[in-house]
Amino acid sequence: MNPEVWSAVDQYINGLLVPSDPELDAALEASAAAGLPPIQVSPPQGKLLHLMARMLGSRNILEIGTLGGYSTIWLARAVSPGGRVVTLEADAKHAEVARDNFTRVGLANVIELRLGPALDSLPKIAAEGRGPFDFIFIDADKPTMAEYFEWALKLSRPGSVIIADNVIRKGGVIDASSTDANIQGVRRFNERLAAESRVCATEIQTVGSKGYDGFALAVVTGDPH
Ligand code: SAH
Ligand code: DHB
Ligand code: MG
């Protein structure tokens, strides 16, 4: 087994179940043309997020880490009529590309992008009473994941689902002595997740066109407030 096989199988899955989509393709093309790093979720992962949000009947979604808005579009397509996605992005260029993408696909009225460091936006969102969110996707900078999880809990209700990307990191997550700040950030998040009695959680390892990584999945069971 090797990354070439994982990518070929992702293409096979895409050919069957995640067919090429002009709107998502255009968003990816615009992101690439603007020089954004190609680190968005893969098509099958984007559809997985879409399916999970849709299965839950999500109407109010929070995303931390927009990039060009690829995962945001998948999530926005999952919300029932009148639903909204709030997405947080620190980088002004990424935000501009994402906003153009949302307008192009006709989702600008569904998606609210907040520019600025997520740790600045999250307290404002809480103060505005914008929550609770039904579905929260954490996918920004990894050293701060544990803090994003704290905010996700504050902005949730029993039954809310919290998903976090990039928790396996090619298996690097089991290296307790790693000097990689991303791995240490994920490890701190994982320990925080494990210690949190108000959620029921697991992690799933994934392979595909994005290599070897994984998602954390949690459902809020208790009253987080
Ligand atoms: N969810 C996107 C990928 C996000 S990549 C997708 O799958 O399509 C991570 C993004 O988080 C980058 O755009 C980066 O600029 C942003 N980011 C990094 N640090 C951040 C912070 N402190 N607050 C908000 N966004 C941040
Ligand atoms: C990176 C960030 C991500 O969210 C991801 O899915 C892959 C890579 C990164 O910062 O390199
Ligand atoms: Mg990611």
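From a predicted model like this one, the values you see are computed outputs, not experimental measurements. Read the numbers this way: they start at 1 and go in the same order the structure lists the ligands and their atoms.
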> Do you know which two heavy atoms are closest between Leu88 and Ser121, and how far apart they sit?
Replying inline: CD2-CB, 4.0 Å
> N/O/S of Asp213 less than 2.8 Å from the Mg ion (ligand 3)?
Replying inline: no
> atom 3 (C) of ligand 1: which protein heavy atom is closest, and how many Å away?
Replying inline: Asp139 OD2, 3.3 Å
>> Could you tell me, atom by atom, which parts of ligand 1 come under 4.0 Å of a heavy atom of Pro117?
In response: 23 (N)
> Closest non-hydrogen protein atom to atom 6 (O) of ligand 2, residue and atom name please, with distance?
Replying inline: Lys210 NZ, 2.4 Å
> Quick one: angle Asp139 OD1 - the Mg ion (ligand 3) - Asp165 OD2, to the nearest 10°?
Replying inline: 100°
> Got the closest protein heavy atom to atom 7 (O) of ligand 1, with its distance?
Replying inline: Val41 N, 2.9 Å
>> Could you tell me, atom by atom, which parts of ligand 2 come under 4.0 Å of a heavy atom of Asn166?
In response: 3 (C), 4 (O), 5 (C), 6 (O), 7 (C)
> Does Gln40 have a non-hydrogen atom less than 4.0 Å from ligand 2?
Replying inline: no
> Of Arg157, Arg84, Arg54, which is the lone residue that meets salt bridge (Lys or Arg N to Asp or Glu O under 4.0 Å) with Asp134?
Replying inline: Arg157
> For ligand 1, which atoms, with element, lie under 4.0 Å from some heavy atom of Glu63?
Replying inline: 1 (N)
> Considering only the protein, which heavy-atom contact is closest to atom 5 (S) of ligand 1, and what is its distance?
Replying inline: Ile39 CD1, 3.7 Å
> Backbone, side chain, both or neither: what part of Gln40 comes under 4.0 angstrom of ligand 1, heavy atoms only?
Replying inline: both
> Side chain, backbone, both or neither: which part of Thr144 comes within less than 4.0 Å of ligand 1 when only heavy atoms are counted?
Replying inline: neither
> How far is atom 9 (C) of ligand 2 from its nearest protein heavy atom, and which residue and atom name does that atom have?
Replying inline: Ile39 CD1, 3.9 Å
>> Any nitrogen or oxygen of Ala90 lying under 3.5 Å from a nitrogen or oxygen in ligand 1? Just yes or no.
In response: yes
> What is the nearest protein non-hydrogen atom to atom 6 (C) of ligand 1, stated with its residue, atom name and distance?
Replying inline: Ser71 OG, 3.0 Å
>> Would you say the Mg ion (ligand 3) has Asn166 as a near neighbour, meaning an N/O/S atom of that residue under 2.8 Å away?
In response: yes
> Heavy-atom contacts under 4.0 Å between Trp74 and ligand 1: side chain, backbone, both, or neither?
Replying inline: neither
> How far is atom 14 (C) of ligand 1 from its nearest protein heavy atom, and which residue and atom name does that atom have?
Replying inline: Glu89 OE2, 3.4 Å
